[in-house]
There are 2 protein chains.
Amino acid sequence: MSTAQETTGGEVEPWEEVTPDAARRLLVAAVEAFAERGYHATTTRDIAGRAGMSPAALYIHYKTKEELLHRISRIGHDKALDILRTAARREGTAAERLADAVGSFVRWHAGRRTTARVVQYELDALGPEARAEIVALRRQVDAEVRGIIEDGVASGEFDVLDVQGTTLAVLSLCIDVARWFNVDGPRTPEEVGALYADLVLRMVGAG
Amino acid sequence: MSTAQETTGGEVEPWEEVTPDAARRLLVAAVEAFAERGYHATTTRDIAGRAGMSPAALYIHYKTKEELLHRISRIGHDKALDILRTAARREGTAAERLADAVGSFVRWHAGRRTTARVVQYELDALGPEARAEIVALRRQVDAEVRGIIEDGVASGEFDVLDVQGTTLAVLSLCIDVARWFNVDGPRTPEEVGALYADLVLRMVGAG
DNA sequence: GGCTCGGCTAAGCGCCCGCTCACCAACGGC
DNA sequence: GCCGTTGGTGAGCGGGCGCTTAGCCGAGCC
């Protein structure tokens with residue numbers, strides 16, 4: 001039988017790990033609201049209203065508004081890291097793995113743009129401890145991409161002068177997709193993923 | 001005599017067009033506060049306090065808090081567009097002009113990171129009319145970069161399949177510098193500008 | 001049937017927000 | 001010397017914020 005994770009298009013619908021149902025509905029509402037207006041411009045009343053509940057219901061499932069952001073950010077970073085790890089550890093040349101990593105990472109940022117926007121741009125709204133936890137995850141994200149580029153340099157596939165700087169640029173390029181991508185625009189997430197994979201291969205001298 | 005525009009390092013100190021002095025101090029304070037905490041998380045009391053004035057003083061020079069953001073965004077976009085136009089219209093090959101454009105655009109985003117952060121990331125906090133005005137400026141920014149790339153393709157210097165997509169990616173890469181650049185980090189604005197100019201030339205097949 | 005208890009709501013507390021108002025000091029023109 | 005203008009202040013208004021509390025309701029257990 002189906003695990004109920006599959007939706008149209010083969011994409012996995014996330015947040016199924018969040019239970020009970022009311023907590024998930026609140027979290028999904030918070031993602032939408034934070035993505036549209038930003039964390040600080042979003043009120044707890046708005047979140048509860050989108051979830052079809054009273055303002056007080058939010059505090060049954062979450063201690064504070066910040067805890068909501070923390071949970072969203074944590075789950076989102078875990079997912080992003082998982083995507084990169086899967087691509088980085090598959091078999092193939094460094095160029096194939098880098099193209100796969102960039103393509104899938106970009107597809108996630110474009111296809112799940114609301115989530116990605118919150119995850120990537122609301123870090124500063126977290127308190128010191130929560131932010132430190134997320135920053136540690138980001139370092140792992142950086143390490144995965146840097147690892148592929150180092151492999152390509154070592155094997156002679158890539159021609160890169162500044163590995164850390166190029167890693168930074170590649171990640172920056174992918175992450176910023178969450179800022180400008182428009183669901184109603186002319187490009188699909190798949191098209192942007194393919195374009196970006198090509199551009200990144202050129203950046204590392206493998207194009 | 002000096003125009004009082006020059007400061008150490010040859011950089012032009014901006015905001016000198018904002019008068020009187022108190023209005024400029026408030027605007028500079030607002031740039032710092034918006035960059036640190038975001039528009040919505042910044043209070044008018046904080047802005048006035050940073051400028052050494054009472055909360056009420058702000059409203060002598062600006063009608064609303066949003067007018068402050070609008071003025072900052074307008075001046076910043078004018079400056080960014082000016083930088084790109086200067087590079088795009090100099091003499092030289094398309095590769096030289098693109099490298100110059102990316103280098104100077106990135107140096108501005110890194111060196112004036114607080115301003116750039118507000119300019120590039122607080123657009124959604126503006127009302128519809130103000131946002132429309134800024135969006136029009138952004139289209140001109142896009143057109144300048146696209147023009148250089150089209151020139152390079154026409155002359156055979158560049159090898160680009162998707163001109164508009166590549167333009168988008170180049171601008172996205174430059175703009176996102178304002179998000180991650182750290183003044184206390186290991187790289188100077190000049191170094192990042194040179195690295196990015198090289199990466200972009202590779203992206204267009206001229207590296 | 002009666003009791004317990006988790007999930008939820010209506011009401012509202014205390015605070016701080018953007019912004020306003022009544023007033024004041026410094027200063028140039030006549 | 002007096003007055004209008006300019007640029008400032010201290011106090012505070014109305015409102016919306018994050019969050020809390022008291023109590024309601026229906027499902028599960030004996």
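Chain A is the first sequence line, chain B the second, and so forth, proteins listed ahead of strands; every chain is numbered from 1.
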Atom [atom1] of [X] and atom [atom2] of [N]: how far apart are they, to the nearest Å?
X: B:Leu69; N: C:dG18; atom1: CG; atom2: C1'; result: 15 Å
X: B:Asp46; N: C:dC16; atom1: CG; atom2: P; result: 14 Å
X: A:Leu26; N: C:dT9; atom1: CG; atom2: C1'; result: 14 Å
X: B:Leu68; N: C:dG18; atom1: CG; atom2: P; result: 11 Å
X: A:Lys65; N: D:dG16; atom1: NZ; atom2: P; result: 16 Å

Sorted by number, the residues of residues 53-61 of chain A with heavy-atom contact under 4.0 Å to DNA chain D
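The answer is A:Ala56, A:Tyr59.
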
Are the side chains of A:Asp124 and B:Glu36 in contact, using a 4.5 Å heavy-atom criterion?
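Answer no - side chains too far apart.
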
Does a distance-only test, which skips hydrogens and angles, find a donor-acceptor pair under 3.5 Å between the side chain of B:Arg45 and the base of C:dG18?
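Answer is yes: a donor-acceptor pair is held.
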
Could you give all pairs that pass the salt bridge (charged side-chain N to carboxylate O under 4.0 Å, His left out) test and reach residues 53-63 of chain B, with sequence neighbours left out?
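Qualifying pairs, neighbours excluded: none.
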
Which residue pairs satisfy the salt bridge (charged side-chain N to carboxylate O under 4.0 Å, His left out) criterion with at least one member in residues 126-135 of chain B, sequence neighbours excluded?
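Salt bridge (charged side-chain N to carboxylate O under 4.0 Å, His left out) check on residues 126-135 of chain B returns B:Arg74-B:Glu133.
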
Carboxylate-amine/guanidinium proximity below 4.0 Å for [X] and [Y]:
X: A:Arg37; Y: A:Asp46; result: yes
X: A:Arg187; Y: B:Asp162; result: yes
X: A:Asp142; Y: A:Arg138; result: no

